[in-house]
Amino acid sequence: MCGIVGIFDINGKREINRELLSRMNESQFHRGPDEGGIHIESGLGFGHRRLSIIDLSSGQQPMVSRDGSVVLTYNGEIFNFLDLRKALEGQGYRFQTHCDTEVILYAWQAWGEACVERFRGMFAFALWDRNRQTLFLARDRLGVKPLFYAPLADGQFIFASELKALKAHPEFPKTLDASAIEDYFGFGYVPDPKTIYKEVYKLEPGYCLTLKRGAGLCQPRQYWDVDFTVRPGQNEKAAGDELIERLREAVNIRMMADVPLGAFLSGGVDSSAVVAMMAGLSADPVNTCSISFGDPAFNESQFAAEVAERYRTAHRVEQVDPDDFSLIDRLAGLYDEPYADSSALPTYRVCELAKKQVTVVLSGDGGDENLAGYRRYRWHTYEDRMRSYLPDAIRKPVFGLLGAAYPKADWAPKVFRAKSTLESIARDSMEGYFHSVSILSNALRGQLFSKQLKQDLQGYQAVDVFRRYVDKAPADNPLSLVQYLDIKTYLPGDILTKVDRASMAHALEVRVPLLDHQLVEWMAGLQPDMKLNGRDGKYIFKKSLEHYLSDNILYRPKMGFAVPLSAWFKGPLKQRVRDALLGPAMTESGYFNHDVLRKIVDQHQSGLRDYSAPIWSLLMFDAFLRQNA
């Protein structure tokens, strides 16, 4: 696990500024504190920060092939590298190290761009082939590892693992993208391939990019997608047994390391399943860690303790201050662009705790997206069923009128909060799903944004992110479609971004067995009712785990990794919210209606409305503006 950076002259062979490249590289020191390296030649510079995991004594980067023709800077792990090495040795390639980095070099020489299709793992890398005068960049299929890039006005091309490294370049384009601001306040993050900046991009998961010197820029190419076409003739028992075997194998290949290894254990189904598999594969007690909260509404530590006791893990737990809001500005610096998932706070703390005993951890991320664990999937299928019963000519005006007339009652019990559901049913399926996941509704964004920002948007709406995927989605039912949308947007843009930045801030590698691409492909082909069965999400997964985990773990209500934002904003953060949202950075930015900002603050703090999620997104945007003024 590392940080990579590079500068490439697209059209010529201008000298690369070593001091600048080093400065960009060192901005990512936290990603790889063990070693650093620089490679410079005519028109090209690569940098690398290393967190040593496998083959600690060799494997330094940037790495050059034996014949000197190919240079590589790489972040990640190729878990099937030993099999690939054998195949390459069979073709006559000879290896000097025992690490996966060298395998990528010779896989490129043997198979060219198709090499990425053979890699099983998490990766982002850049490779320079002198003979072909070609720069090749690739990112793993699910987006576990990040890769940012920007073509500069002076003809250079820069890339890095984090935006902060690109920002260190004096020619970095710092103009904010209006459509990315709209996306951020719609989703709570900036979805791939955009960043908050114009002309700066993320390489999307499952994509690669090839640049030939003198040939100008070209578009990224997709090399992988997940197909949700259902496999016929599935037997529930057989499917459950196969799911466990596939999970066990995905866990097993991720337990290879020359440094201490452990697992996150939240007490939820996914992390508990990973720990159960690890315990069956390890002769020694598994190192596990979790954090606890003083507020029982947010505390899962008792369930983590139950799993730890059952599998006799070396468990470590620490209680987090319930008012742990000192990290707000720190988070803005970690993520480099606006990012509004408040669970980044406890994620940062659990990574900090894990690093005290291990260097590599396995996590349970990805289970909800692949096996329909989110409650919103249940609501979406219910709403879509309602849509199918009524023609658009009746449904849209009737439910639209009911939604508009129904009072917004954030203070009331959930059973009486029907306004959002009525509004969602009035929309088509895709717009309804966007309405259910959006941080700020279309109406609230319309009120909040200034006239100038709305003019700059020229009619663009965040829901267009979904439209980009819907027509080509390899999914044949409503549940599979929204799972596909989440795998393309929420998973890389929110979940994996959160874990990558929080873990690498502590030089901790996180491996994600439930996002093994072969396992993901197999789960995608399961019948929808094996994932969502009535009210039960992750149905087949839970049934197959009944021999490994108690019903207390498997069938309790989902809690999530949340923090008490609403109470913070009325209590200890009351004045900070007012100072930030009504302060100079926000009001002078030109993006917002000041009266609406004041209304949001006043109504939340009076208890009239619960604007905790919008306020958090605005707080993080304010922190971004102040740090990037």
Side-chain angles (χ1 to χ4, degrees), residues 1 76-77 79 120-124 139-146 188-189 192 205-206 226 243 246-247 250-251 253-255 261-278 288-291 300 304 307 335 339 341-351 353-354 358 360-374 376-377 483-506 508-521 523-524 531 537-538 541 545 553 558-562:
M1 197 65 62
E77 303 284 355
F79 298 116
R120 186 178 179 188
M122 53 185 191
F123 54 84
R139 188 179 179 196
D140 66 70
R141 296 168 179 82
L142 278 304
V144 181
K145 293 292 97 191
Y189 55 91
D192 298 17
V226 56
L243 177 51
R246 286 178 174 271
L247 174 61
V251 167
I253 64 172
R254 284 164 176 78
M255 292 178 67
L261 177 143
F264 292 141
L265 179 56
S266 68
V269 173
D270 301 328
S271 67
S272 299
V274 169
V275 168
M277 297 302 108
M278 292 177 72
T288 57
C289 66
S290 64
I291 56 175
E300 292 184 286
V307 177
Y335 291 90
Y339 177 80
D341 187 339
S342 60
S343 67
L345 291 166
T347 302
Y348 180 93
R349 292 303 186 199
V350 77
C351 290
L353 172 61
V358 299
V360 178
V361 293
L362 273 61
S363 83
D365 292 310
D368 289 313
E369 290 82 5
N370 285 301
L371 292 161
Y374 293 126
R376 63 175 181 257
Y377 294 150
Q483 286 183 270
Y484 181 82
L485 292 176
D486 275 356
I487 286 173
K488 294 298 180 180
T489 57
Y490 182 66
L491 183 64
D494 187 313
I495 300 299
L496 295 176
T497 293
K498 172 180 63 181
V499 174
D500 177 79
R501 305 306 187 279
S503 61
M504 294 313 296
H506 300 289
L508 178 75
E509 175 174 301
V510 179
R511 299 175 177 177
V512 198
L514 280 163
L515 292 181
D516 180 278
H517 82 272
Q518 293 183 5
L519 177 59
V520 169
E521 290 170 344
M523 290 188 292
K531 302 170 190 176
K538 291 192 277 202
F541 195 37
L545 287 166
I553 301 296
K558 185 176 177 63
M559 290 179 70
F561 212 25

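In what follows, every heavy atom counts, from backbone to side chain, and hydrogens, waters and symmetry copies are set aside.
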**OP:** Could you go through the side chain to side chain contact (heavy atoms under 4.5 Å, CB included) check for Leu243 and Leu519 one step at a time?
**Re:** CA-CA 8 Å; Leu243 177 51; Leu519 177 59; 4.1 Å; yes

**OP:** Please test Leu496 against Val144 for side chain to side chain contact (heavy atoms under 4.5 Å, CB included), starting from the C-alpha separation and ending with a verdict.
**Re:** CA-CA 6 Å; Leu496 295 176; Val144 181; 4.3 Å; yes

Original post:
Between Arg511 and Val251, does a side chain to side chain contact (heavy atoms under 4.5 Å, CB included) hold up when you go through it step by step?
Top reply: CA-CA 9 Å; Arg511 299 175 177 177; Val251 167; over 6 Å; no

Subject >> Criterion side chain to side chain contact (heavy atoms under 4.5 Å, CB included) on Phe541 and Asp270, from CA distance to verdict >> reply: CA-CA 9 Å; Phe541 195 37; Asp270 301 328; 3.4 Å; yes

**OP:** Could you check Asp365 against Lys498 for salt bridge (charged side-chain N to carboxylate O under 4.0 Å, His left out), going step by step and ending with a plain yes or no?
**Re:** CA-CA 11 Å; Asp365 292 310; Lys498 172 180 63 181; 5.9 Å; no

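Between Leu514 and Gly366, the closest heavy-atom pair is CB-C, 4.4 Å. Heavy atoms only, all atoms of each residue included: Gly364 and Val274 are closest at CA-CG2, 4.2 Å. Contact between Ala354 and Val361 at its shortest, heavy atoms only, is CB-CG1, 4.0 Å.
Between Cys289 and Val350 there is a side-chain heavy-atom pair separated by less than 4.5 Å. Using a 4.5 Å heavy-atom cutoff, the side chains of His506 and Tyr348 are in contact. Side chains of Thr497 and Tyr335 form a contact here, defined as non-hydrogen atoms less than 4.5 Å apart. Using a 4.5 Å heavy-atom cutoff, the side chains of Pro205 and Leu142 are not in contact. Residues Val520 and Arg141 have side chains not in contact (no heavy-atom distance under 4.5 Å, counting atoms from C-beta outward).
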Tell me which donor-acceptor pairs under 3.5 Å the side chains of residues 487-495 have, and how far apart each pair is, sequence neighbours excluded?
from   : atom 1 : to     : atom 2 : distance (Å)
Lys488 : NZ     : Asp225 : OD1    : 2.8
Thr489 : OG1    : Leu485 : O      : 2.6
Asp494 : OD1    : Tyr339 : OH     : 3.1

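The backbone N or O of Ala524 lies less than 3.5 Å from a partner atom in the side chain of Lys531, making a donor-acceptor pair. Of the possible polar contacts, one joining the Gln483 side chain to the Asn370 backbone as a donor-acceptor pair under 3.5 Å is found.
Remark: Arg254 engages Asp516 in a salt bridge (Lys or Arg N to Asp or Glu O under 4.0 Å) (not counting sequence neighbours).
A donor-acceptor pair shorter than 3.5 Å can be found between the side chains of Asp486 and Tyr377.
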